[in-house]
Every structure is written in C-alpha cells, then in structure tokens.
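Below, read A as the first sequence line, B as the second, and so on, with proteins coming before strands; counting in each chain starts at 1.
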Number of protein chains: 2
Amino acid sequence: MDIREIARRAKVSTATVSRAINRVPTVDPQLAKRVWRVVDELGYYPNTQARALVLGRTRIFGLIVSEITNPFFPEIVQTFEDLAVENNYEILLTSTVHDPKRMESSVRRMIERRVDGVAILTFGMEESLIEHLRDRKVPLVFVDVGPDVPGIANIRINYISGIRQAVQHLAAMRHTRIAFIAGPEHLKSAGARREAFETSMLEIGLPPDLVVIGDHRMEGGMNALLELNKMSARPTAVMCSNDMTAIGVLREAYEQNIKIPDDLSVVGFDDIHLAEFTIPPLTTVQMSQHGLAEIAFNALLNEVENSTSPREQHSYELVTSLVLRKSTTLARAVGSAIIPEKSNRTTRPRKAAESSPR
Amino acid sequence: MDIREIARRAKVSTATVSRAINRVPTVDPQLAKRVWRVVDELGYYPNTQARALVLGRTRIFGLIVSEITNPFFPEIVQTFEDLAVENNYEILLTSTVHDPKRMESSVRRMIERRVDGVAILTFGMEESLIEHLRDRKVPLVFVDVGPDVPGIANIRINYISGIRQAVQHLAAMRHTRIAFIAGPEHLKSAGARREAFETSMLEIGLPPDLVVIGDHRMEGGMNALLELNKMSARPTAVMCSNDMTAIGVLREAYEQNIKIPDDLSVVGFDDIHLAEFTIPPLTTVQMSQHGLAEIAFNALLNEVENSTSPREQHSYELVTSLVLRKSTTLARAVGSAIIPEKSNRTTRPRKAAESSPR
DNA sequence: CTTAAGTTGGAAAACGTTTTCCAAACGCCT
DNA sequence: AGGCGTTTGGAAAACGTTTTCCAACTTAAG
C-alpha cells in the first residue's frame, strides 16, 4: 500500500498526502481531513526506508553495550527505549560481549543501517573503529572514558565523589584494613574506580594495598574473596568495583560461613536494582543508570536536531554517591577478623570466564 | 558515497558493482577484484535503506518483550542478537512494560520499519493489534501462549514436566503443606504454571490449596511470604511462579529470620543465571532461555527464507526440568514449621508496583 | 569465414517517499 | 473589471540500490 494508493483514493496528489501526513500547515483543512480518513481506513503507515532515503536521516540511534546480560545495562536500555519512543526514534542495540570481532561488526552494522548517532557503552574498542564512525560524521557519545578528541560528547563519571564517601563511611566504622576487588585490568572504567579508591584511602591516611583483581562478575567476586581469605592480615571490609562482584562476595561468604556484615563489611558499586534485594541488602555507591541513559540520549538528540548550533556542551558529568543499606557495620576489635567456622560448601565456584564484563 | 562513485572509480557500471558486491558468479573475477579494491579503499558500505526498498526485505526482526529489566529477558535478547549477527539481521527491540499504549506503539513501530518478522514475548496483547500484523502478512512467532490460529508459529512451554518433578521432589522430602506463589492473574503464562502446580499436587494426593498471588517481581515475593506467614497452617515448602519471586521470598525470609531451607524449602522457576548465586543457591525449574530464543529465531528465519515450502512445523515445544540446588531440604517434624525468632527488619518492603511483569 | 551459442557488462526502470518548482485559483484593491 | 499578491495543489526530480532487458563481445562449430 502506497502513498499513491492513498492519493488516488483521496483524489489528490501524492504531494498533498505527504503534506497532510506530516502536518504541513499550508494544506487546506478540508483536504487534510479527507486524506486522513483514507489513511486510517486503509491502515496506511509510511515506509520509513523510503523516507529515510530522501531525508538522509533514519531516526535510528545505535546503542553499543558490552554485555546485555549484565544487570547494569537493561536499566539503561529501558530508559533509552523510553526516550526513543517519546521522540520517535528506534534503537539499534548491539552487545559486544567483549569480543573484538563483535565490536567490529557492531560498528559495521551501525554504518550500514545509517544510524543518526551512536552511544557507546563498551570499552576497549579499537581507535580505528571509532575513526570509522567519525569519518562518516556520525554523532557519537561516549560514556565514561572515550577518546579525548574535541567534538565527541563525553559523559564523565565522577567516581571519586561516591567512593570517597564509601571509604570514609568504612573508616568511620573503624575499619582500617579495607580491601578492594578491582575489575578487569584492561578496562578503563575499572581502572578509574580503583584509582578513586586509592586516592580516597590515601586521603585518610590508610594504605590502599589490599587489592585483588576480579572480573566484574559474580564468579570473580567469589574467587576474590577466596584470595582475600588467604592473606595473613585479613581485611575487615571490602569494596567491590561493581555490584555483581559484591554479590559474588556475599555468595562466597555464605559458603565460608563468614557473616556479613559482622565478620566482613562489603560495599558495592552501581546500585543496580538487585542491590536492594541481596542478603543482606547491599550498601553500595549509586551511579544512576536512568540519569546516564538520559544524558546520553539527549546529547545525541541535541547533536542531531540542532547540529547547526555551535554544539555548546560536549562534556557531561554524572556524580555518584553512597547509599547505605545493611552490608556494612562497625569493625570488630582487632584480631578477630575473619574466622571461618564450618563450611557450607558443596560445590566449587565456577571458573570465571576469560573475557570480562564492562 | 554512492555505488555510483564506486562504479566511476572502478570504471564499470553500477550494475557491475552491485553484482560484484553481492558475489554474483557471472562477473569476471578480474573486474570483481577491481571493484572490491575500490570498495575497500573508500570504506564503502551499501545503503541498507535503499536496498530494502528495492528488495522488499529489511533483514530486521522485531522482538517484543514485556520488560527488559526482568533478568529473564536479557539472556534471550543476547541469544537473539547472536543469531542475528550470524545471519546478517538486525533486531528491533521494544519493551512493553505491560502498558497497552506501549504495546500499540510497539506494533506500529514494527510495521513502520517493515520488519521481516516479529517474535512476541509479552502477553495481554490486544487481539486487534495482532490482527494488524497478520493483515500485513508479517511472519509471527509467539512464545508460550499465543492465539491458536493456524499459520502462526507457536512455541509451547511444557510446564508440567518440570513442575511435576519439583512437586514430587518436595513430596519425597516429606513436605505436605506446599504453597504456591502465583504470578499476576491476567497473565496466561502464570496461569499455566499455576495449573501445572495444581495438577501435580493432585496427582500425588495433596490439596493445592495454599496459593497466594504475587507479581513475578521480588517485591511480590516478599509480600507473599508475609501473607503465607499469617496462615494458621503454615506451609513447609513454597513453589514460586518465577525466580524473581523466589528471590523476594529469600529476602523476606532473611528479614523474618526464617532459615532457608531449614524452616522453609523454596523452589523457583526459570533458572535465570542469578539463581545459582542466591543465598542459598536456588533450587528451580529450568526453562532454557537460550533454547527459547533459538527456536524463536529459527522459526522466523525459516518462515522468511523458505516461505515457499508448505511451512511444515508451526508448533514447537520446550520442556522444563528441575535443577537441584540448596534451597530445599527435608520437612521438619510436624508442628515446628515456621517459627520466627527475632526480626532483622529495619525497612518495610516496597509496595509492589501495580503493573506486573511477564 | 560465417554463424550460432554463450558470456559479460551497461542503460534504465523500479522501489516509496519528500520537496522544489510552477501554475492555477482566489481574494482584494483600485 | 483588471491587475496583483497570496494560497493551494500538482508534476517531476531526487534519494541509492537491484535487476531486467538487451547489446556487444568471445568462442566454437560448420
């Protein structure tokens, strides 16, 4: 069913139909009504491909995430979706699963489909791939740590604000041996979190030396706690680079019969929805997924709609802050740190996958 | 950058370029190589809109889910994505969040973008909306309980297989007061689970009378346990309509200081990835999300690619089965069912949202 | 050497829109 | 009534592909 079909039935030209549909004000109200009647009657929907072809705009935004199964992302996707519906856009979602091949194909797909802009929420993407997008003048927005080229919108996360709060909170509870379970090493965002932890610790005169590497997954959290447990001077509190890691810690603590928070205080990072429902409820640093998605979408939208204007702001900042729940408490008297009683374990933790999230 | 630009530079016609790119065998290898060189040099990507316009196929599949933030779905989306990449398709993802308006807009968007097929994983969709899709001959696949019209692929879930196993497992553990926390009432899939529970109970001669309504969310699970707790004859075991509900139960049990599994055995449904990491690890009925997505995608693909063939199979079945973890154990001696000791509670559970998941 | 068959590449139409001209129709002033 | 600006609607070009013809060339057979 064509626009021509509509034109024929309404006894006008296709130009008029197009104008009526797009609500151009100069068209005679009588005629417009006639057109709309036919449109509704036949259930006609304009072909967006044809429209995109002539307009040079697809009304599609690309969204590249690193791993849709990481509970951090669905919230973002949902908000992005909401905004898309509101503004008549579609989303082209790709998930890189940390695979260079998938990153490449993601970018290729974005270009092939001629998206109007791309939000990139994955890291370790080859510089050359990004160059590909830039060559084509596709508006880009990076979350967290994109390349620092002018002309690319960048949403910076203020990690220090929330992490400092967390560390101070722990210190106020008289913890002195505070460990950190980092994310995968190649991941810039994980690096930034770790740095924020280190500076926060130094600020209050504590040595940030208890650091083990996780993978931003539950599996990594489990293994990390095992490692922490082997240390001679065991920590009385542990900060995790993200909530999934913290959930892993909680889980392994249960196996080891380590009581949280009495034997060990734990704090997470991200404040995913789930964090409210862990056992015990997780004290964590909040980084609003909703806010993040909103900023990203609007940055893109702004770039597309008023690309004439001298693109004022190209750097946004999202602050983080501590939310207190029940996984932290006062440090015990010195010496009585982690004392496993009996083990709950019946199964070994799974080996962490080699590639690693966000 | 055009196909014409390529043609010019390679000193051939656009037809030849098109043929070279699409690997039509009749084109002279020499020429093809020449064309490819230019293509690679300029980084040319065909415009998919234009292609779709002439081909009448977009290579886009629609995927309508009810709520992307429900951990059940991301796994499905990921698998769908994987298959899409493999087959050179894109996914148009929409999330209805149980809102009729969003369902309508989902369908509209699918039609506007001229997707080649739609997988529907949401319920309570107006018959008329589906009719809309059918009118346009868009291949459809329903998961679980679609309308029973011939010509629409339907993936049926065999709930009884897994749920019967679960009930029998519980009974073997000497539980006799087994409760069920159902999903939202308007939801067909939830109804089917409940029915499966009831028949399984009757089969072994137990009355399926301890049923309370949840909402397939953690909040609903928490509230449901509260309700169960008020009963005079408290259950010693509870089955949940999905894992999120079970997680809520675990969480509320923690508040109430009810020991799982000693005071109460709980089993979930879905076997989301998280189920392995709850405290204690959740015994649950598995329904392979991977398998589900795979069947759905292939059904669509099959319909599109060989729509000539007399569409052999239009009904698929996915079986479910029990996976044992640590949230169930032997029933205690009669009379000592749930005995709250002291309460952990500091915060009230949030009021469940009024609309309800999956 | 001529002709028939087979290969290969090009010109142009088609896909379904939007938009730029243009021309017709209309109202208004003198 | 004639001229003039202003609405209003139509014809046609353009967007970037694929594909159908068809013509030109190559090869092989007679």
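For the pair A/Arg113 CZ and D/dT17 C1', the computed distance is 14 Å after rounding to whole Å. Residue A/Gln30 contributes atom CD, which lies 15 Å from atom P of C/dC26 at whole-angstrom precision. Protein atom CZ of B/Arg57 is 14 Å distant from nucleotide atom C1' of D/dT18, rounded to whole Å.
Of the possible donor and acceptor atoms, none in the side chain of B/Asn22 sits under 3.5 Å from a partner among the backbone N and O of B/Val24. With A/Asp2 contributing its side chain and A/Glu5 its backbone, the two residues share no donor-acceptor pair below 3.5 Å.
Considering only heavy atoms from C-beta on, A/Ile64 stays 4.5 Å or farther from A/Leu121 through its side chain.
Comparing B/Pro29 and A/Asn22 against DNA chain C, the residue whose closest nucleotide sits nearer the 5' end is B/Pro29. Where A/Asp28 and B/Ser18 each meet DNA chain D at their nearest nucleotide, the meeting point lying more 5' is that of A/Asp28.
Residue contacts shown for B/Thr26 are limited to sugar-phosphate atoms, with no base heavy atom under 4.0 Å away.
Here CG of A/Leu300 is found 9.0 Å from CG of A/Asp116. Values are rounded to the nearest 0.5 Å.
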Give me, pair by pair, the N or O atoms of the protein and of nucleotides 10-16 of chain C that are less than 3.5 Å apart, along with how far apart they are.
residue : atom : partner : partner atom : Å
C/dG10  : OP2  : B/Ser13 : N            : 2.8
C/dG10  : OP2  : B/Ser13 : OG           : 3.1
C/dG10  : OP2  : B/Thr16 : OG1          : 2.6
C/dG10  : N7   : B/Arg19 : NH2          : 3.1

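Each of A/Arg113, A/Met110, A/Arg109, A/Arg114 was evaluated against B/Tyr45; a single residue qualifies, A/Arg114, per the side-chain contact (heavy atoms from CB on, under 4.5 Å) test.
Between B/Phe61 and B/Tyr89, the ring planes lie parallel to each other; the angle is under 30°, not in the 30° to 60° tilted range.
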